[in-house]
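Encoded as C-alpha cells, the structure appears first; notes follow it.
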There are 2 protein chains.
Amino acid sequence: MKVRVEVFLKPGVLDVQGKATEAALHSLGFVGASEVRVGRIITLDLKGEDKAAAEAEARSMADRLLANAVIESYRIEVA
Amino acid sequence: MKVRVEVFLKPGVLDVQGKATEAALHSLGFVGASEVRVGRIITLDLKGEDKAAAEAEARSMADRLLANAVIESYRIEVA
C-alpha cells in the first residue's frame with residue numbers, strides 16, 4: 001500500500017525555514033504570499049493489503065522515527 | 001487562496017534522505033517498508049481570488065525559488 005506521511009511544525013513553533021522562504025518570495029516580488037510554512041513529506045510502500053493495519057503501522061513509524069512529537073505534528077494518508 | 005507545493009527529487013536521482021530513513025525503519029522492525037522517499041512541502045496563503053492566476057504564480061515561485069529544476073520536480077495544488 002502507498003503511504004504518505006506529512007510532517008509540519010506545530011502551530012506556535014517558530015518555522016524558521018518558512019520565514020526565510022517567505023522573505024525570499026517577497027524579495028522576488030511575490031508580495032501576496034503569507035503564512036509560508038515548510039514541512040516534510042515521506043512516501044513509502046508498505047507490504048500488506050489491510051488499510052487499517054497499514055495506517056496503524058504508519059502511525060507507529062511517525063511516532064518512533066518520522067516526526068518529533070515535541071515540536072511536530074503529522075498526518076497520514078494510506079491509498 | 002491556499003497553495004501547496006510538493007517538491008520531490010526526480011526519479012533516478014539518488015534520494016539519500018529516503019535511503020537513510022528506509023534503513024532506519026528497517027532497523028526499527030518496519031521491514032515491510034520500501035521505496036521510501038522524502039520530499040518537501042511548502043504551504044502558503046496567496047492574495048487574490050483567481051485560481052488560475054494563483055496556480056500560475058505558484059508555478060513561477062516553484063521555478064524560481066522553491067524547487068531546484070535540475071534534480072527536483074514539483075506538484076501544485078490550489079484550494
Side-chain angles (χ1 to χ4, degrees), chain A residues 1-9 11 15-50 53-68 72-79, chain B residues 1-9 11 15-50 53-68 72-79:
Chain A
M1 314 209 71
K2 298 276 180 194
V3 175
R4 287 166 54 97
V5 182
E6 287 181 18
V7 182
F8 275 98
L9 287 168
D15 182 351
V16 189
Q17 228 183 327
K19 291 287 173 212
T21 304
E22 186 167 325
L25 285 172
H26 288 175
S27 73
L28 284 172
F30 300 109
V31 291
S34 62
E35 300 293 329
V36 182
R37 294 187 74 82
V38 179
R40 267 192 322 285
I41 180 161
I42 300 105
T43 64
L44 54 96
D45 286 351
L46 204 47
K47 266 187 198 145
E49 293 303 319
D50 183 343
E55 215 166 294
E57 192 168 357
R59 195 163 299 279
S60 174
M61 288 177 186
D63 287 335
R64 293 181 62 192
L65 182 75
L66 304 178
N68 175 356
E72 293 172 329
S73 59
Y74 60 82
R75 201 163 66 83
I76 288 167
E77 276 174 40
V78 178
Chain B
M1 312 207 75
K2 297 277 180 194
V3 174
R4 287 166 53 98
V5 182
E6 286 181 17
V7 182
F8 275 98
L9 287 168
D15 183 351
V16 189
Q17 228 183 326
K19 291 285 174 215
T21 304
E22 187 167 324
L25 285 172
H26 289 175
S27 75
L28 284 172
F30 299 108
V31 291
S34 61
E35 300 292 329
V36 181
R37 296 188 72 82
V38 178
R40 265 190 325 284
I41 180 162
I42 300 107
T43 65
L44 53 96
D45 286 353
L46 204 48
K47 266 187 197 147
E49 293 304 321
D50 183 345
E55 216 166 293
E57 192 168 355
R59 195 163 299 280
S60 174
M61 287 177 187
D63 288 333
R64 293 181 62 192
L65 182 75
L66 304 178
N68 176 356
E72 293 173 329
S73 59
Y74 60 81
R75 201 163 65 83
I76 289 168
E77 276 175 40
V78 177

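Proteins get letters first, then strands, A, B, ... in listed order; numbering begins at 1 in each.
Across Leu66(A), Leu46(A), Val5(A), the residue that shares the most heavy-atom pairs under 4.5 angstrom with chain B is Leu46(A). Ranked by non-hydrogen atom pairs under 4.5 Å with chain B, the options Ile41(A), Leu44(A), Leu65(A) are led by Ile41(A). Of the listed residues (Gly29(A), Ala33(A), Ala54(A)), the greatest number of heavy-atom pairs within a distance under 4.5 Å of chain B belongs to Ala33(A). Ranked by heavy-atom pairs shorter than 4.5 Å toward chain B, the options Val3(A), Val31(A), Leu25(A) are led by Leu25(A). For chain A, the option among Glu57(B), Arg40(B), Met61(B), Lys47(B) with the highest count of heavy-atom pairs below 4.5 Å is Met61(B). Heavy-atom pairs under 4.5 Å with chain A were tallied for Glu35(B), Arg37(B), Arg64(B); the largest tally goes to Arg37(B).
To the nearest 0.5 Å, the span separating CD1 on Ile42(A) from CD on Gln17(B) amounts to 8.5 Å.
In this structure, the portion of Glu6(A) lying under 4.5 Å from any heavy atom of chain B is its side chain and not its backbone.
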Fill in: Derivation and outcome, side chain to side chain contact (heavy atoms under 4.5 Å, CB included), residues Phe8(B) and Thr43(A)
CA-CA 10 Å; Phe8(B) 275 98; Thr43(A) 64; 3.7 Å; yes

